[in-house]
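Chain identifiers are assigned alphabetically (A, B, ...) following the order of the sequence lines, protein sequences preceding nucleic acid strands; residue numbering begins at 1 within each chain.
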Amino acid sequence: MAETLTGAQALIRALEHAGVDVVFGVPGGAILPAYDPILDSPIRHVLARHEQGAGHMASGYAHATGKVGVCVATSGPGATNLITPLQDAYMDSVPVVAITGQVATKAIGMDAFQEAHTWGISMPCTKHNYLVTRVDELPDVIAEAFHLAGTGRPGPVLVDIPKDILNATIPWHRPGEIDLPGYKPSVKGHPKQVKAAVELIHRSRRPVLYAGGGIIKAGASEALRHFAEQANVPVVTTLMARGAIPDSHPLALGMPGMHGNYTAITAMQRSDLLITIGARFDDRVTGDVTTFAPDAQVIHVDVDPAEIGKVREANVPIVGDARTVLEQLIETMASLLDGTEPPDREPWFSQLAAWQQEHPLTYHQDPDGPIQQQYVIEQLHRLTGGDAIIVAGVGQHQMWASQFWGFERPRTWINSGGLGTMGYAVPAAIGAKVGMPDETVFAIDGDGCFQMTSQELITAAIDGIPVKIAVMNNTSLGMVRQWQKLFYGERYSAVDLTDHTPDYVKLAEAMGCVGLRAETPAEVVPTLEKALAINDRPVVVEFKCDPEAMVFPMIPAGGSNDHVVLGPEDLT
Amino acid sequence: MKHVISVTVENKPGVLARISSMFARRGFNIHSLTVGPTEDPRLSRMTVVVDGPEMEQIVKQLYKLVHTVKVTELDPTETVEREIMLVRVNAEAARRGELLDAANLFAAKVVDVGASTVTFEVAGEPSALNDFLELMRTYGITSLVKSGRIAMAKDLKTTTKRSRLRTA
């Protein structure tokens, strides 16, 4: 006879079946029944200090491990606090399952205590969502949620479970076959299209492989590198794809877009063929779309058909999984072009090299001046040998981290790209460290971002999650300040965060972490060394940085990628 | 230009909300939308009339919804379209006879008669409904309700068969 379980027990059992080893959450009234069987489960529960933290932890975990991250919250405010992380995960295609408690079925619609219409609120910011209405469907719904989150284009899925359903009982059954007649993501690219792509690539004189976050999601880094070498094509890696190909690789051009490097931006702009894989022509990459890459034909590979042709018409559309299609491209190219030579790309590679020479990413660290964030990032890279997972918030520090950290492996760069969620770094770093405990996880955060979610340091300290957080304290909301400086005549409005409050060292200590501070360039390396030597507790390092520093290159919003602004002098 | 799409969806709670939310979020305009059960109780079918040029995106975004099973853009020349409406018209005693004669031409059914109005039910092709409305405007329309279009692709296989039968 089947074992009888409560809905709550069935939920935890179904999570175990889905391979979950950790959930990040905050309990509350409606989700209370689910927290009892957690005590008897091998699943680890990390108690976040705010549901937003739990959501970003799940996302950081998913980014770092490639597995589905799980967060749990109660009804009402618990669920609404998850909305930002859900939208964040949706924009960046991060596989996350959110479990929320809901008021009892009879109370739904009665404006009950802690009631919110979670299903309706979360609909536009999830790949799919559920309101469980019968306890016997619970195991199947959980299995479906994990299937949807992790397959095709990954994304967040929310399961809202009323309290009475958690308390009801069912005979336990293993989840059955997934039955979703409307959900059949294509994996393999159409062979005819793949052949057409290979022929275009073979004829191209100025190809650029435009690699997006889909490469990393699909585990396609090896295939990408192999294909780039085989086809002899330079590769740009978007903000979400940093690490998809090693930055040290001779074909790697680095990051394109609003704060990309000159060569990556201009290579796309002058290209005759964009081989787009797992990227979506985001406005931060294209600048003004009407003037973007005017001479380029487009091959667009994406697992989500809706991305193809959404922004830029594709000459060769290929729907499929990035890795599978890359493997098809590799095979087709090998068999189709056996012995035939592509056109001479020497002029193209010489041009790229010349641009790299003329317009490298630069900064200047005055030994007697304030600390430059790029200097901290470079020194950290040197001291770790680049062997760390870097997590960023959103703003200047994020752009500098992406520009100046040489990424050598996929899943070592975790940031909020699409939604641009300030406060992402601290909780996402915690999630990443939980998933990859043997890696050094170093968050590079801004002072503004840090103040949005720093309470999660308590989670890190109490739960034994030794992350490291660099707070780049430029005493302001730096990116906003940069725009006010450049585009609002230096009229600074609501960007000043002050240089003394909070005291980040004391704050770190108050939350059970080690607090360190570097005030001058000379202190940067010794302070970083100290931080790297502490591995039993979380460490917060404050760097007193230059408030006047600005991120360049820059394409002003809506501007054309033809006009790369290399410094403030280019704007006058 | 208006396009008619037929969307087969799983018959699940909230599926209409998902579709309309997607249209709202992506900024697509819905001209009309009807929904009802199909021959298969697990499925519902929607007929959506949309305005605007983004047809390819609309179809792709519809497919992206997990409960969407099939999306077909219907070619107006190969589609049967029907709509029903209720229209209340001023009908003073002096003009009532003339009004009823006109309505007769359109096979409009009288469904309600008031002191100074007559209410018609008209069903048929959307263009016929519009023609009737044009005619009624001269009397003065006081109230109008339209069902929204339903549409089904013609069974072209059968038509060919029938025409073959006829020639044979």
Next item on the list: Could you look at A:N129 and say if it's the side chain, the backbone, both or neither that has a heavy atom under 4.5 Å from chain B?
Entry: both
Check: With only heavy atoms counted, which part of A:K127 is less than 4.5 Å from chain B, the side chain, the backbone, both or neither?
Finding: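 Contact with chain B is through the backbone of A:K127 alone.
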Side-chain contact, heavy-atom cut-off 4.5 Å: [X] with [Y]?
X: B:M22; Y: A:M123; value: no
X: B:E56; Y: A:I308; value: no
X: B:K60; Y: A:E307; value: no
X: A:R153; Y: B:K64; value: yes

Next item on the list: Please round to the nearest 0.5 Å and tell me the distance separating atom CD of B:E10 and atom OH of A:Y183.
Entry: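 Those atoms lie 13.5 Å apart.
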Notebook entry, point to check: At their closest point, which heavy atom of A:W119 faces which heavy atom of B:P13, and how far apart are they?
Noted result: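 The answer is CZ2-O, 4.3 Å.
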With a cut-off of 6.0 Å (strictly less than), are more than 12 heavy atoms of other residues, nucleotides or ligands near [atom1] of [X]?
X: B:E92; atom1: CD; result: no
X: A:K184; atom1: NZ; result: yes
X: B:M152; atom1: CE; result: no

Note to self: Counting only non-hydrogen atoms closer than 4.5 Å, does B:R25 touch chain A with its backbone (N, CA, C, O), its side chain (CB onward), both, or neither?
What the structure shows: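 Just the side chain, heavy atoms under 4.5 Å.
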Notebook entry, point to check: Between B:T68 and chain A, which part of the residue has a heavy atom less than 4.5 Å away: side chain, backbone, both or neither?
Noted result: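 For B:T68, backbone heavy atoms alone lie under 4.5 Å from chain A.
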